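Report on the following structure.
Each chain gets a letter, A, B and so on, in the order its sequence line appears, and its residues count up from 1. Below, all heavy atoms of this structure are taken into account, side chains as well, without hydrogens, waters or symmetry copies. Note that the structure is predicted; figures quoted are calculated from it, not measured.
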2 protein chains.
Amino acid sequence: MSVPVSKQELDSLMQPVVDLWNERKTREGSSDAVFGTLRDAILTRTLVPGPQFAEEDLARTFGVSRTPVREAILRLEAERLIERRGGRRLSVARISPTEILEIYDVRVALDGVAAELAARNATPPQIAQLRWLNNQMISFAEAADFARVSSLSLEFHEHIAEAGGNAFLLSQIRVVHDRVRRFERSTLQQPGRLGTASNEHELLLDAIEAGDVARAAEVARGHMLNAKKIRLGMTEVPPPE
Amino acid sequence: MSVPVSKQELDSLMQPVVDLWNERKTREGSSDAVFGTLRDAILTRTLVPGPQFAEEDLARTFGVSRTPVREAILRLEAERLIERRGGRRLSVARISPTEILEIYDVRVALDGVAAELAARNATPPQIAQLRWLNNQMISFAEAADFARVSSLSLEFHEHIAEAGGNAFLLSQIRVVHDRVRRFERSTLQQPGRLGTASNEHELLLDAIEAGDVARAAEVARGHMLNAKKIRLGMTEVPPPE
DNA sequence: CCGCTCAATACTGTCGACATTGCACACCGT
DNA sequence: ACGGTGTGCAATGTCGACAGTATTGAGCGG
């Protein structure tokens with residue numbers, strides 16, 4: 001499972017990635033296109049942590065030389081989306097169950113201030129858009145489209161940070177979200193969680209709209225702590241090594 | 001001031017960087033050595049945001065081909081330590097006064113949870129080490145060695161995160177600190193600030209030692225908010241564009 | 001049958017070269 | 001004298017090649 005795979009196996013694993021690639025390579029330079037393709041593939045879990053590969057494999061897959069592939073990998077390594085095992089073999093970075101839980105604490109902190117700032121600075125149109133986003137989430141939830149629900153949920157929180165007006169905070173939240181994308185989705189599928197989540201979102205928006213800084217922070221933190229609790233109760237193991 | 005510089009000017013600007021380079025190039029590969037050298041140079045403000053340069057300039061400076069330089073730059077761009085202006089010219093990334101203030105809000109959040117976790121999980125030896133670090137800080141302060149004081153202060157906060165036991169949180173704090181290194185130092189030089197800061201550190205350690213989660217969080221947040229206030233009162237502008 | 005050594009192999013890190021792209025400056029027309 | 005246009009140059013993005021080095025597997029010895 002965690003051993004190197006044959007060339008044929010690798011090719012079939014890469015097929016969906018090649019599809020993403022074909023849409024990109026026309027408009028972007030090779031290096032950026034490879035980077036973007038792999039990044040998307042990893043974040044959408046088209047590419048998972050199991051298989052190991054070499055630079056040359058990717059170069060052949062994409063039909064480019066090793067140079068742009070190397071550059072893409074370097075950037076992905078910097079984002080901790082790809083890692084080297086044993087110094088030489090490349091693989092999609094693994095996320096440990098421990099790290100998943102750890103991330104929630106960071107989100108508690110970050111979303112907490114984001115909510116505070118939003119309560120201070122959000123404008124009515126921004127709040128309206130946030131309500132709209134939350135409703136969208138509910139709609140997709142009814143359609144059982146959890147991928148989109150999860151994505152909208154992250155977007156919701158990013159918009160709160162944006163309404164707070166702190167660009168650096170927003171960028172940090174984005175970084176964290178890009179790790180979250182790789183495992184969340186399952187949390188929201190827990191029975192009842194989604195209803196609770198959108199209620200909590202409503203409460204948060206009310207607090208923000210009222211300009212109640214303390215309550216906004218409290219609700220935001222509580223919201224994320226609840227998500228963590230759900231996750232704690234789940235036995236699901238993350239994608240294999 | 002913000003225009004490209006001549007080759008001679010650039011050479012003299014790079015001289016201290018070359019010194020850093022000579023210590024590294026023996027033990028590391030070219031790419032890593034260039035990366036590390038530039039990174040150190042930027043974080044220690046040996047290299048500042050003003051001058052603009054091209055890949056080839058750096059390659060000539062270090063006596064390597066453009067390939068390792070490109071790779072180093074790519075990684076530095078990912079860390080937002082280097083930026084491209086007008087798409088083509090490279091330069092050390094600038095930090096805006098706005099961003100400096102924004103960063104404090106993120107630190108309030110991050111150090112807040114870090115303190116909470118430390119209050120829960122810190123072991124006596126860890127607390128002892130924290131006290132030692134704080135005393136070191138005071139010593140260097142008396143010697144007016146503000147560079148070291150600033151560095152120790154960051155280390156102090158990183159150790160608190162470490163004592164909290166959340167590795168992901170620690171890594172995020174480190175990322176933020178690597179931005180802070182580029183401007184802090186001046187805050188602690190404000191008259192009286194240092195005394196207050198070390199007192200606040202003591203209070204924080206007391207709360208952690210007592211396992212008082214709420215108070216630890218409160219003190220930590222207050223500590224960082226005070227630092228922000230000092231910064232707000234300062235008129236100093238960051239290094240020129 | 002297992003472990004060790006050594007050789008063949010596969011992969012990486014670095015280089016110089018080339019095509020392409022964007023920029024600056026001079027030239028031309030008004 | 002000024003704006004637009006075109007040409008030349010400089011810098012980037014990409015490539016294939018090569019040398020150095022870890023890895024794998026075969027053959028040998030215990």
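For R84(B) and dT12(D), the CZ to P distance is 7 Å, given to the nearest whole Å. Between the P atom of dA11(D) and the CZ atom of F53(B) lies a distance of 13 Å, rounded to the nearest Å. For the pair E56(A) CD and dT9(C) P, the computed distance is 15 Å after rounding to whole Å. Rounded to whole Å, the distance from CZ on F35(A) to C1' on dG13(D) is 17 Å. One interatomic measurement links the two molecules: CZ of R60(B) to C1' of dC15(C), which rounds to 17 Å at whole-angstrom precision. Taking atom CD of E55(B) as the reference point, atom C1' of dA10(D) lies 12 Å away to the nearest angstrom. With rounding to whole Å, L90(B) atom CG is found 11 Å from dA11(D) atom P. For E28(B) and dG20(D), the CD to P distance is 20 Å, given to the nearest whole Å.
Contact of R88(B) with dA11(D) (side chain to base): a donor-acceptor pair of N or O atoms is detected under 3.5 Å.
In summary, E184(A) and R107(A) engage in a salt bridge, as defined by a charged side-chain N under 4.0 Å from a carboxylate O. E99(A) and R182(A) are not joined by a salt bridge, as no carboxylate oxygen comes within less than 4.0 angstrom of a charged side-chain nitrogen.
When each of Q52(B), R84(B), R85(B) is paired with S91(B), the side-chain hydrogen bond (donor to acceptor under 3.5 Å, both in side chains) condition holds for R85(B) and for no other.
Residues I173(B) and A161(B) share a closest heavy-atom pair of CD1-CB, 3.7 Å.
Of the residues in residues 63-76 of chain B, R66(B), R70(B) come within less than 4.0 Å of DNA chain D through at least one heavy atom, sorted by number.
The aromatic rings of W21(B) and F62(B) lie tilted to each other, with the angle between the two planes from 30° to 60°.
Between S31(A) and the phosphate of dG13(D), there is no side-chain N or O to OP1/OP2 separation shorter than 4.0 Å.
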Note to self: Evaluate D32(A) against R75(A) for salt bridge (charged side-chain N to carboxylate O under 4.0 Å, His left out), listing each step before the verdict.
What the structure shows: CA-CA 10 Å; D32(A) 292 339; R75(A) 290 200 263 172; 2.6 Å; yes

